[in-house]
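Inspection log for the structure reproduced underneath, given as structure tokens.
We name chains A, B, ... by the order of the sequence lines, and we start the count at 1 in each one.
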2 protein chains.
Amino acid sequence: MKMSNGVEWALHGCVTLSQSRDPVPAARLAELHGTPPAYLAKHLQALSRAGIVRSTAGQVGGYLLTRPAAAITVLEVVQAIDGTEPAYRCTEIRQQGPLAVPAERCDRPCAIARAMASAQEAWSGALAGITIADLAAGIDADSEGTAMADVRRWLTATA
Amino acid sequence: MKMSNGVEWALHGCVTLSQSRDPVPAARLAELHGTPPAYLAKHLQALSRAGIVRSTAGQVGGYLLTRPAAAITVLEVVQAIDGTEPAYRCTEIRQQGPLAVPAERCDRPCAIARAMASAQEAWSGALAGITIADLAAGIDADSEGTAMADVRRWLTATA
DNA sequence: GCCCCCTTACTCGGATACCTAGTGTCCGAGTGTGTATGG
DNA sequence: CCATACACACTCGGACACTAGGTATCCGAGTAAGGGGGC
């Protein structure tokens, strides 16, 4: 089970975008995070499709959050990049083989699928309880309150 | 984020093995579950390496659980097949780019990594709280108490 | 001086190669059983 | 009748192809700004 690497870039990108009131081009974000520009752009497209960011074309265009950072959960970003379907997919092997269970009695998921689904639920719940604003606050706390100010300064410096 | 398909087979296989006191060959398990025999064998090898099942060679050999089903958690089986490292791997991009944080101040994981780790913890905790015995009981309950008896009968029938 | 149009440079967006990791399969090494033989 | 040695059939284990999804990249379509020209 491996999560797409783009999730990390998308989360960092959203935190950065939360500090800007003007659109930020993908190339600028890539420069700040030291990531391949084109690949980061691909993931930003996914965020755009999910309605988390809004893109503006043209000369001073770029990406911008559609909502306040406190209204965007980590779960939304993860699902936008990595997809919404759960990690465990039941292939209904209980309906296979000599002891197959008839399909009519498989109205509810089997016990194994239920167990995996409950774990997935716990995971999703944890991520849904954290917002981009929380992440920004955490990063700020780690750097004694200077990190976000530095980001804001850097974004406006070369703009 | 996609979990290996072999996890489902391994869990079903462990439930089946919990119903047998004699070794069960991989080919027999594959027949019961309708899965490719060679591929299932590959995953059983992983379970063997993890110490969850014990293999016996020879004419009446096969696989057997090393512990009571109530002492084997779903988490163990999942990690044996899918690996122990978490789905999210932080690449420390905070140390990249023009606003890089010096490595000396990165003694603890960044806020994003902490958020993902807490979610992973919730997921692992949920799976660690369910045992193979619980799964067997759940499957039994779904079929009004006949499923495990049918498995035991089938295992001894063609042995 | 003001308005309109055009050029320009910059942006995103999707379509296109590459590469790792999961999927699936096969054959060889090892082992315990069962039988045939000799005492 | 019992012990021993052998041959056998069956088991696992690791090594070998194949395929899908993630990784990385590029170029074209579209747009807003800014400058130049006309009124």
Side-chain angles (χ1 to χ4, degrees), chain A residues 1-10 13 17 20 22-31 33-64 66 78 80-85 87-89 91 93 158-159, chain B residues 1-10 13 17 20 22-31 33-64 66 78-83 85 87-89 91 93 158-159:
Chain A
M1 185 173 52
K2 189 187 61 166
M3 184 178 300
S4 170
N5 205 352
V7 170
E8 182 178 9
W9 305 346
L17 288 179
S20 176
D22 300 319
V24 181
R28 185 65 47 83
L29 285 175
E31 181 190 358
H33 297 329
T35 61
Y39 195 25
L40 178 63
K42 183 185 180 67
H43 292 305
L44 286 170
Q45 288 173 30
L47 291 180
S48 177
R49 274 186 231 110
I52 296 173
V53 302
R54 191 62 194 164
S55 65
T56 309
Q59 205 152 4
V60 293
Y63 289 97
L64 210 56
T66 58
V78 169
I81 301 296
D82 214 59
T84 60
E85 65 179 301
Y88 179 86
R89 290 150 297 129
T91 59
I93 68 176
T158 43
Chain B
M1 187 173 54
K2 189 187 64 165
M3 183 177 300
S4 169
N5 206 351
V7 169
E8 182 178 10
W9 304 348
L17 288 179
S20 176
D22 300 318
V24 181
R28 184 67 47 84
L29 285 174
E31 182 190 359
H33 298 328
T35 61
Y39 196 26
L40 177 63
K42 184 186 182 68
H43 292 305
L44 286 170
Q45 290 173 31
L47 292 181
S48 177
R49 273 186 232 108
I52 296 174
V53 301
R54 190 63 194 164
S55 66
T56 308
Q59 206 152 4
V60 293
Y63 289 96
L64 208 56
T66 59
V78 170
Q79 287 186 337
I81 301 296
D82 214 59
E85 65 179 301
Y88 179 85
R89 290 150 298 128
T91 58
I93 68 175
T158 42

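Taking atom NE2 of residue A/His43 and atom C1' of nucleotide D/dA24, one finds them 9 Å apart after rounding to whole Å. Rounded to a whole Å, the CD atom of A/Gln59 is 9 Å from the P atom of D/dA33. The nearest whole Å value for the distance from the CZ atom in B/Arg28 to the P atom in D/dC12 is 11 Å. In this structure, the NZ atom of A/Lys2 is 8 Å from the P atom of D/dG22, given to the nearest Å. In this structure, CG of B/Asn5 is placed 18 Å from P of D/dT19, rounded to the nearest angstrom. Rounded to whole Å, atom C1' of C/dG14 lies 8 Å from atom NZ of A/Lys42. Atom P of nucleotide D/dC26 and atom CG of A/Leu40 are separated by 15 Å, given to the nearest angstrom. The interatomic distance linking A/Ile81 (CD1) with D/dG21 (C1') rounds to 15 Å, in whole Å.
Within the 4.0 Å cut-off from OP1 or OP2 of C/dT31, not a single side-chain nitrogen or oxygen of B/Thr56 is found. One finds a side-chain N or O of B/Tyr39 lying less than 4.0 angstrom from the OP1 or OP2 phosphate oxygen of C/dT23. Neither OP1 nor OP2 of C/dT11 sits under 4.0 Å from any side-chain N or O of A/Arg54. In this model, the phosphate group of D/dG13 is approached by a side-chain N or O of B/Tyr63 to a distance below 4.0 Å at OP1 or OP2. Applying the 4.0 Å criterion to OP1 and OP2 of C/dT11, one finds that A/Ser55 has every side-chain N and O outside that range. Phosphate proximity of C/dG14 to A/Arg49: present, with a side-chain N or O under 4.0 Å from OP1 or OP2.
Contact record, A/Trp9 with A/His43: CE3-CD2, 4.1 Å, taken as the closest heavy-atom pair. For A/Thr91 against B/Glu8, the heavy-atom pair with the smallest separation is OG1-OE1, 2.7 Å.
In this model, a side-chain donor or acceptor of B/Gln45 finds a partner on the base of D/dG14 within 3.5 Å.
When the nucleotides D/dT31, D/dT23, C/dG32 are ranked by their closest atom to the side chain of A/Ala57, D/dT31 comes out on top. The side chain of A/Ser48 sits closest to C/dG13 out of C/dC10, D/dC12, C/dG13.
Using a distance-only test at 3.5 Å, with no hydrogens or angles considered, no donor-acceptor pair links the side chain of B/Ser55 to the main chain of B/Tyr63.
As judged by a 4.0 angstrom heavy-atom cut-off over every strand, A/Ala26 is placed among residues touching the sugar-phosphate backbone only.
Within a 6.0 Å sphere centred on CZ of B/Arg54, other residues, nucleotides and ligands contribute 12 heavy atoms or fewer.
The shortest side-chain heavy-atom distance between A/Leu17 and A/Val24 falls under the 4.5 Å cut-off.
With the nearest nucleotide of DNA chain C identified for both B/Asp82 and B/Val60, B/Asp82 has the one nearer the 5' end.
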